[in-house]
Amino acid sequence: MPDLLAVENLRQIFGGRNRTYAVDDVSFRIPAEPRIVSLVGESGSGKSTIARIILGLLRPTAGTVLYDGVDIFRPDRSWNRRFRSEVQAVFQDPYSVYNPVYKAERVLKLVIRKFGLAKTKAEARERMEAALRAVDLQPDEVLDRHPHQLSGGQRQRLMLARVYLMRPRLIVADEPVSMIDAGMRASFLNILGDFRDNHGISTLFITHDLSTAMYLGGEIIVLYQGRIMETGATHSVMSAPMHPYAQLLIDSIPTPDPRRRWEEDLSSAPLSEIGGATVASAPNRDHCLFADRCPQVMEKCWAARPVLRAPAARAADAAHRDVACYLYD
Amino acid sequence: MPALLEIRGLSAGLQGRRAITQVISQIDLDVQAGEILGVVGESGCGKSTLATAIMRLLVPPQVLQSGSIRLRLAAGETVDLLAISESELRALRWRHLSYIPQGSMNSLNPVLRVGRQMMDTLIQHGLTSGEARARAIEALELVNLERKLLDSYPHELSGGMRQRVIIAAAVSMRPALIVADELTTALDVVTQRQILQELAAIRDELGATILLITHDMGVVAQIADRVAVMYAGKIAELGSVHGIFEAPRHPYSQGLIGSIPRASGQRVEGLPGEAPSPWNYPAGCRFHPRCPKVFDLCREHAPELMRQDSGRWAACHLYDDEVAAHA
């Protein structure tokens, strides 16, 4: 069985003279079995660009995206229709995706009509109610309301109900909880877990917020300036990151526990990141891009780009891990 | 020791055509000198309205309804920020209290150099241009920025650096009180951590007092000394950061802290229901429709913010007996 999604040597370069390497040779895969994979990174790390490419909204400069073994940019129309129904997007802003003049009901009705999901009105109603229950919404609380009468959390869950109607195999969710309140986040994330466990739906979860990635579990891909620094099982990477960048990133999460405060004080650390983290246009990229900030930098880090691979010294029973760092050669 | 800032009975609302819709109601809060007090709550709970009311920067249709805000000055005297004239207030701003509004890192003038923007304020407050320059450099150093930045334009700086320039400007007159609203919300975690640690260092070095308004429970847990939890325009609970996170008293604080996504494998549930908007604040305790421990009294009478024990305050009828026992 082919992988659900295989991203191979993806590269996206923007601009002419000042070329920006938004995505710089990224490869990863989501297997056929349902999974949740989190793609994390700071702003400018290329995570949203990767999402747009996978959704077919942007043609990459180089590299391929295979969905179920087929190149998504070279399909025929009927295949395209299948791809459009099997891969669904959930975006960041739960306010701007709705047409304000229509009731919430229409969002679901359109999908049912467009994809011929029900034969009778009663069946359509049944489908809608089942979808709403799957995302913890009461049908009579939302169907008859306009978008502005719903909270951010309700709107975002309504998007999941719409997705659920389609019964996709993959959800690409780009920062879906960053605009909903803390109290509502957990229930949104729980639904993605239910989708995976009970309905066989995989999610590619894109976020800058490591704590939500940690809650979701599954696998994690840590991006920095368009490159993958480390990848592996989320709980294992989060509890023992290997790449110095992943260590810094994970250590900097503001843990909601006053007993576990940051140990190291960065307040007088030199600001070597100045212009760094978001500017990916340096002319020479033939080195580790984290070298200028890395506390453990070595000479060879500046000589060539480290390859993403399994670390040399690792117990056989340890969870799978890949790191792009010379420390583990 | 008397508090640096004493807020009493502060209410503010939105002026409609016929009536005022109250947004924050009867807030009583003491901010102690030298502390970092975190004010947390979900969006719409009134925490930014509280900040703007303290700074007397409410703009129509926002209106102040009642209350007093007494700020203790260096000489030991106090002023009511809500009672003095606009020009008296202007003399206090920057010198005694300064404000870092939400999104202010995007408020720098794009056509003026950073140094000019920082120095303008200082010159307005009576410093010579030489003194202003020295102060600006000193302030930049507090946030780890080099003096050559004075000659940069805002677009040449990263988001984290722009936010640092704003902080530097806010502390350049060495104010006693800094009110910061969602200071690090748009920044990545590493920059957020650096800036919060710089803020704590500024508190230590200048002896400043910081009122930190945020929706992020992690930020509060990391750097606040005390926490005020707001819900529907009122303070639900107030206490030390350890007290609030380790043993929250108010059912809302319990729900808020319990709903934080933690490590994988531990499923947490979100708070049921939705927070009310000012147009439909429920009668009685405003949290009662979502409260798992609701009883009859909660539906009729709004609980007062009452002292529980050492330094803990909660507005919840569950603790009425305890309060009576203590009295």
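What you see is a predicted model, and the numbers here were worked out from it, not measured in a lab. Convention: sequence-line order gives letters A, B, ...; per-chain numbering from 1.
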Would you call A:Arg227 and A:Asp24 a salt bridge, taking side-chain N to carboxylate O under 4.0 Å as the test?
yes

Smallest separation among heavy atoms of B:Glu146 and B:Leu140, with atom names:
O-CD1, 4.0 Å

Shorter than 4.5 Å, heavy atoms on both sides: which option in B:Val219, B:Ile195, B:Val220, B:Ile223 has the most such pairs with chain A?
B:Ile223

Side-chain donor/acceptor of A:Glu230 to backbone N/O of A:His243, under 3.5 Å:
yes

Proximity breakdown for B:Ala224 and chain A, heavy-atom pairs closer than 4.5 Å:
backbone

Which atoms of A:Asp251 are under 4.5 Å from chain B, going by heavy atoms: the side chain, the backbone, both sets, or neither?
both

Distance-minimising heavy-atom pair for B:Tyr252 and B:Met230:
CE2-O, 3.6 Å

Which bit of B:Glu246 is near chain A, if near means a heavy-atom gap under 4.5 Å: side chain, backbone, both or neither?
side chain

Can you tell which part of B:Glu274 gets under 4.5 Å to a heavy atom of chain A, answering side chain, backbone, both or neither?
side chain

Leading residue by heavy atom contact count with chain B [cutoff under 4.5 Å; candidates A:His208, A:Met184, A:Met238]:
A:Met184

If you tally heavy-atom pairs under 4.5 Å against chain B, which of A:Gly193, A:Gly41, A:Ser239, A:Ser252 wins?
A:Ser252

Check whether A:Leu189 gets within reach of chain B through its side chain, its backbone, both or neither, counting any heavy atom under 4.5 Å.
side chain

In short, A:Ala213 meets A:Ile220 closest at the heavy-atom pair CB-CD1, 4.2 Å

When the 4.5 angstrom heavy-atom criterion is applied to A:Glu264 and chain B, the contacting part is both

In the structure I gave you, are the side-chain heavy atoms of B:Val189 and A:Pro254 within less than 4.5 Å of one another anywhere?
yes

A:Arg259 versus chain B, the contacting section by heavy-atom distance below 4.5 Å:
both

Would you check if the distance from the ring center of A:His199 to the ring center of A:Tyr164 is below 6.0 Å?
yes

Per-residue contact mode, B:Leu196 against chain A (heavy atom under 4.5 angstrom)
side chain

